[in-house]
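Following: one structure in structure tokens, then a few remarks.
Atoms within each ligand, like the ligands themselves, are counted from 1 in listed order.
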Amino acid sequence: MTVATPAITVVAAIIRGNDGRICLSRRPDHKHQGGRWEFPGGKVEPGEPLSAALARELEEELGMQAAISSPFMTIAHQYQDLHVTLHFRDVTAWQGEPSGCEGQQVNWFEIPELPALEFPAANRPVVTAITLPDYLAIAPDNLDLEALKAGIGRLDAARIGLYLRQWSEHAALPEILALCREKGVKVWLRASSAAWAEQLSLQGVFALHMPGSVLMDCQGRPDFAGLVSAACHSREALEKAADLGLDMALVSPVEVTASHPDRPPLGWQQAGEWITGLPLACYGLGGVSPADLETARQYGAIGVAGIRAFWPGSAPVPV
Ligand SMILES: Nc1nc2c([nH]c(=O)n2[C@@H]2O[C@H](COP(=O)(O)OP(=O)(O)OP(=O)(O)O)[C@@H](O)[C@H]2O)c(=O)[nH]1
Ligand SMILES: [Mg+2]
């Protein structure tokens with residue numbers, strides 16, 4: 001017999017300082033998930049808008065006022081004793097200096113420090129998502145090596161990652177990865193099979209990306225030290241990616257694309273219904289551009305991806 005556990009809705013803040021650091025607090029020992037670092041926040045009251053709930057919690061817990069927030073990611077998680085729906089929101093403007101009004105420890109951390117901290121189990125996907133770029137550029141097919149290298153040189157590495165769809169078996173791959181490392185560009189590399197992914201020991205690959213067919217054949221999370229993503233065109237594929245414990249998904253096609261004009265698009269509404277709550281950092285792909293980031297966030301994706309609108313052909317992409 002399964003016993004229903006209580007279910008709560010929580011809103012939590014990703015407080016981003018001007019210097020790029022993130023403000024976290026430590027949960028008091030006696031509370032649920034006590035002693036772990038958390039994104040400050042708390043329970044949403046019935047009928048309360050999420051933004052108002054977050055502003056209230058931040059005033060109560062950290063003494064900061066008029067915090068303006070926007071959606072980043074929603075995760076539903078079943079603890080042994082509690083079901084939580086966590087709405088994580090970005091906070092970039094506020095008044096007052098955050099401090100521990102309830103006696104809790106408060107600290108600012110650099111983003112690369114976050115994955116090593118101890119968080120509640122539900123937080124793993126949002127911590128990963130915070131380390132990811134907002135945009136993912138897919139290198140166009142059939143580029144020659146010089147054009148690829150020139151484009152890499154023009155990528156704004158702080159905001160755009162690079163998916164190499166055609167270069168996994170190319171002799172110049174080590175050279176390309178070395179260039180990306182030098183430029184600080186995070187690289188997603190196509191996994192041609194799950195077995196291939198497991199044999200991979202390339203330096204400097206940030207993430208493995210599995211096409212939909214590879215995901216369907218995959219029996220477990222590939223044994224790869226970096227992050228793993230998958231192409232998902234259905235709710236079932238997203239659930240499989242989540243069940244395998246993957247980190248990310250490229251969800252497509254969100255809109256009609258020039259390359260597949262006959263393929264019916266999902267639309268953001270449908271994509272959002274599939275994505276919201278899953279423990280995966282999702283990028284919307286297909287007929288989208290960098291200007292769609294805010295829309296993507298409204299519907300539960302953390303970023304947007306594509307070829308034409310993202311790849312810097314002869315000039316940097318404005319983001
Ligand atoms: N604030 C916050 N809560 C989280 C995070 N991750 C996570 O699983 N939770 C869970 O979500 C719930 C949040 O409730 P809370 O204890 O902060 O609620 P609250 O501020 O309203 O406190 P109160 O019940 O003492 O009034 C807890 O069960 C907590 O374990 C997180 O990053 N931030
Ligand atoms: Mg709280």
### Message
Angle at the Mg ion (ligand 2), OE2 of Glu61 to O of Gly41, rounded to 10 degrees, please.
### Response
80°

#### Entry: Electrostatic pair Arg235-Glu239, nearest N-O below 4.0 angstrom
yes

### Smallest separation among heavy atoms of Phe109 and Leu24, with atom names
CD1-CD1, 3.5 Å

### Message
Tell me if a side-chain donor or acceptor on Gln219 pairs with a main-chain N or O of Asp217 at a distance below 3.5 Å.
### Response
yes

### Query
Between the main-chain N or O of Glu102 and the side-chain N or O of Gln104, is there a donor-acceptor pair closer than 3.5 Å?
yes

Filter the ligand 1-protein atom pairs down to N or O on both sides and distance under 3.5 Å, then list them.
{"residue": "ligand 1", "atom": "1 (N)", "partner": "Glu38", "partner atom": "OE1", "Å": "3.0"}
{"residue": "ligand 1", "atom": "1 (N)", "partner": "Phe39", "partner atom": "O", "Å": "3.2"}
{"residue": "ligand 1", "atom": "1 (N)", "partner": "Gly41", "partner atom": "O", "Å": "3.4"}
{"residue": "ligand 1", "atom": "6 (N)", "partner": "Asn123", "partner atom": "OD1", "Å": "2.8"}
{"residue": "ligand 1", "atom": "8 (O)", "partner": "Tyr79", "partner atom": "OH", "Å": "2.6"}
{"residue": "ligand 1", "atom": "16 (O)", "partner": "Arg27", "partner atom": "NH2", "Å": "2.8"}
{"residue": "ligand 1", "atom": "17 (O)", "partner": "Arg27", "partner atom": "NH1", "Å": "3.2"}
{"residue": "ligand 1", "atom": "17 (O)", "partner": "Gly41", "partner atom": "O", "Å": "3.2"}
{"residue": "ligand 1", "atom": "18 (O)", "partner": "Lys43", "partner atom": "NZ", "Å": "3.0"}
{"residue": "ligand 1", "atom": "20 (O)", "partner": "Gly41", "partner atom": "O", "Å": "3.2"}
{"residue": "ligand 1", "atom": "20 (O)", "partner": "Glu57", "partner atom": "OE1", "Å": "3.4"}
{"residue": "ligand 1", "atom": "20 (O)", "partner": "Glu61", "partner atom": "OE2", "Å": "2.9"}
{"residue": "ligand 1", "atom": "21 (O)", "partner": "Lys43", "partner atom": "N", "Å": "3.0"}
{"residue": "ligand 1", "atom": "21 (O)", "partner": "Glu57", "partner atom": "OE2", "Å": "3.4"}
{"residue": "ligand 1", "atom": "22 (O)", "partner": "Lys31", "partner atom": "NZ", "Å": "3.3"}
{"residue": "ligand 1", "atom": "24 (O)", "partner": "Lys43", "partner atom": "NZ", "Å": "2.3"}
{"residue": "ligand 1", "atom": "25 (O)", "partner": "Lys31", "partner atom": "NZ", "Å": "2.9"}
{"residue": "ligand 1", "atom": "28 (O)", "partner": "His32", "partner atom": "ND1", "Å": "2.7"}
{"residue": "ligand 1", "atom": "30 (O)", "partner": "His32", "partner atom": "ND1", "Å": "2.6"}
{"residue": "ligand 1", "atom": "32 (O)", "partner": "Phe39", "partner atom": "N", "Å": "3.1"}
{"residue": "ligand 1", "atom": "32 (O)", "partner": "Asn123", "partner atom": "ND2", "Å": "2.8"}
{"residue": "ligand 1", "atom": "33 (N)", "partner": "Phe39", "partner atom": "O", "Å": "2.7"}

### Message
If the threshold is 4.0 Å, N to carboxylate O, is there a salt bridge linking Lys149 and Glu146?
### Response
yes

### Message
Among Leu189, Leu164, Val185, which residue satisfies the side-chain contact (heavy atoms from CB on, under 4.5 Å) criterion with Ile176?
### Response
Leu164

